[in-house]
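Have a look at the structure below, then the notes.
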Amino acid sequence: MRLNDLLITSFEYENKEYNINLAFDLVLDIFDVLKDDELRDHEKAEICLELLLAEPPEENLIELWNYIHENFIEIKAKQAIQYDLKGNPMPLMEEEDSDPVIDIAQDAEYIYASFMQAYKINLFAEQGKMHWHEFKALL
């Protein structure tokens, strides 16, 4: 997220423009879909694209879904390069597979209360409005 960029409402993929709704509540619905073990990968991709896109495509669903997921939903911070005392780059640290600090589903009541207390934002009133990137930044 850059403060001098507009929030994402459309993007181009393989020479086609797509309108995308990245409202935080839709993204949270997507996390529920991704956790559903009864769905196959292509079914998950199809459902997620139907939730996010005004006009989902009929082909290349998994590739398009992977592009959206990697670029707009799960944006990972790049690890900063550290240097030793001689100015040589240090080896990059591997990410640990530790337990997440927060579970959005399990901690929903606390997240809601925190947004109300800190920002006076009612997350229920913001459904369909607040962009995922805004939500993540405030969270």
Side-chain angles (χ1 to χ4, degrees):
M1 178 176 185
R2 291 173 17 120
L3 294 177
N4 55 334
D5 289 341
L6 296 174
L7 292 173
I8 305 295
T9 57
S10 66
F11 66 97
E12 188 172 312
Y13 180 78
E14 293 186 353
N15 298 320
K16 183 168 183 193
E17 179 106 6
Y18 293 94
N19 291 323
I20 187 168
N21 183 351
L22 286 168
F24 80 95
D25 50 304
L26 291 179
V27 176
L28 296 180
D29 289 342
I30 284 170
F31 291 150
D32 291 339
V33 170
L34 295 177
K35 288 179 185 175
D36 189 337
D37 293 332
E38 294 182 17
L39 295 173
R40 297 178 183 173
D41 287 343
H42 73 278
E43 293 171 320
K44 291 178 183 182
E46 185 176 344
I47 292 168
C48 291
L49 292 175
E50 286 177 7
L51 286 168
L52 295 174
L53 302 180
E55 296 177 30
E58 295 181 15
E59 53 189 37
N60 298 329
L61 298 178
I62 292 179
E63 294 85 4
L64 177 59
W65 164 244
N66 287 336
Y67 176 81
I68 291 171
H69 187 263
E70 290 172 13
N71 289 283
F72 307 127
I73 296 176
E74 289 293 309
I75 301 170
K76 295 185 179 185
K78 294 181 181 176
Q79 194 175 32
I81 298 174
Q82 296 184 356
Y83 298 93
D84 64 17
L85 294 175
K86 294 182 180 180
N88 300 315
M90 302 275 291
L92 293 176
M93 303 272 297
E94 291 186 30
E95 289 186 27
E96 297 178 20
D97 289 335
S98 61
D99 291 333
V101 176
I102 190 169
D103 182 312
I104 292 181
Q106 188 174 10
D107 298 328
E109 291 178 4
Y110 302 115
I111 294 169
Y112 175 83
S114 296
F115 271 67
M116 283 296 288
Q117 181 180 24
Y119 312 117
K120 307 290 187 262
I121 294 175
N122 179 339
L123 288 176
F124 291 110
E126 291 298 315
Q127 289 181 354
K129 300 175 192 173
M130 182 183 288
H131 195 279
W132 171 243
H133 296 165
E134 291 175 299
F135 177 82
K136 269 182 43 173
L138 293 172
L139 184 63

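- Residues satisfying the side chain to side chain contact (heavy atoms under 4.5 Å, CB included) criterion with Lys129, sequence neighbours excluded, are Glu126.
- Between the side chain of Glu134 and the backbone N or O of His131 there is at least one donor-acceptor pair closer than 3.5 Å.
- Between Asn88 and Tyr83, the closest side-chain pair of non-hydrogen atoms is not below 4.5 Å.
- For residues 43-65, the ring-ring contact (aromatic ring centres under 6.0 Å, His included) pairs, not counting sequence neighbours, are Trp65-His69.
- Taken from CE in Met90 to CG in Leu85, the straight-line distance is 9.0 Å, to the nearest 0.5 Å.
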Would you mind writing out the side-chain donor-acceptor pairs for residues 7-19 within the sub-3.5 Å range, not counting sequence neighbours?
unit_1 : atom_1 : unit_2 : atom_2 : d
Ser10  : OG     : Glu17  : OE2    : 3.1

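- With sequence neighbours excluded, the residues forming a side-chain hydrogen bond (donor to acceptor under 3.5 Å, both in side chains) with Asn4 are Arg2, listed by chain and number.
- Scanning all heavy atoms of the two residues, the minimum distance from Gly128 to Ala23 falls at CA-CB, 3.7 Å.
- Annotation: ring-ring contact (aromatic ring centres under 6.0 Å, His included) contacts involving residues 31-51, sequence neighbours excluded, comprise Phe31-Trp132.
- Here the closest non-hydrogen pair linking His133 and Phe72 is NE2-O, 2.8 Å.
- Under the 4.5 Å side-chain criterion, counting only non-hydrogen atoms from C-beta, Leu123 is in contact with Phe24.
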Would you list the atom pairs, donor with acceptor, under 3.5 Å between side chains in residues 47-63 and any protein atom, with sequence neighbours excluded?
none

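- In this structure, the side chains of Ile121 and Met130 come closer than 4.5 Å at one or more pairs of heavy atoms.
- Considering CD of Gln127 and CG of Asp29, their distance stands at 8.5 Å, rounded to 0.5 Å.
- Between the NZ atom in Lys136 and the CG atom in Leu138 there is a gap of 12.5 Å [rounded to 0.5 Å].
- The ring-ring contact (aromatic ring centres under 6.0 Å, His included) search around Phe124 returns Tyr112, not counting sequence neighbours.
- The structure places CE of Met116 at 15.0 Å from CD1 of Ile111, a figure rounded to the nearest 0.5 Å.
- The two residues Glu38 and Glu43 come nearest to each other via the heavy atoms O-OE1, 4.3 Å.
- Cluster annotation: Val27 is not connected to Leu6 through the hydrophobic network of ILVMFWY side chains, with a link wherever side-chain heavy atoms come within less than 4.5 Å.
- Applying the side chain to side chain contact (heavy atoms under 4.5 Å, CB included) criterion to Tyr110, with sequence neighbours excluded, gives Asp107.
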